[in-house]
Amino acid sequence: MHRDTPARGPIRIDTDVCIGAGQCALAAPGVFTQDDDGYSRLLPGREDGAGNPMVREAARACPVGAIEVPASDG
């Protein structure tokens with residue numbers, strides 16, 4: 001079993017579901033990365049998506065739906 005990512009900020013990665021496909025890091029490399037085991041992680045300071053328009057695409061691209069991006073306000 002891989003390490004849990006603490007829920008920080010509005011973007012959440014369910015590490016129990018993540019399979020390390022890397023689609024999030026490909027879609028939004030300024031927000032997501034992969035750890036040494038290949039599982040998705042948020043880059044430090046990017047937990048809120050940092051205004052990156054590709055964050056929602058990254059969540060949609062996840063083949064197992066491990067990424068949750070809250071609805072925007074407005």
S.K.: For residues 57-69, run the donor-acceptor check on the side chains, cut-off 3.5 Å, and write out each pair with its distance to 0.1 Å, sequence neighbours left out.
M.R.:
from  : atom 1 : to    : atom 2 : distance (Å)
Glu57 : OE1    : Arg60 : NE     : 3.4
Glu57 : OE1    : Arg60 : NH2    : 3.4

S.K.: First locate atom CG of Leu42, then atom CD of Glu47, and finally report the distance between them rounded to the nearest 0.5 Å.
M.R.: 6.0 Å
S.K.: Throw together a table of side-chain donor-acceptor distances under 3.5 angstrom for residues 21-28, partners on residues two or more places apart or in other chains.
M.R.:
none

S.K.: Under 3.5 Å, side chain of Asp35 to main-chain N/O of Asp37, donor-acceptor pair present?
M.R.: yes
S.K.: Find the distance between CD1 (Ile13) and CZ (Phe32) and round it off to the nearest 0.5 Å.
M.R.: 5.5 Å
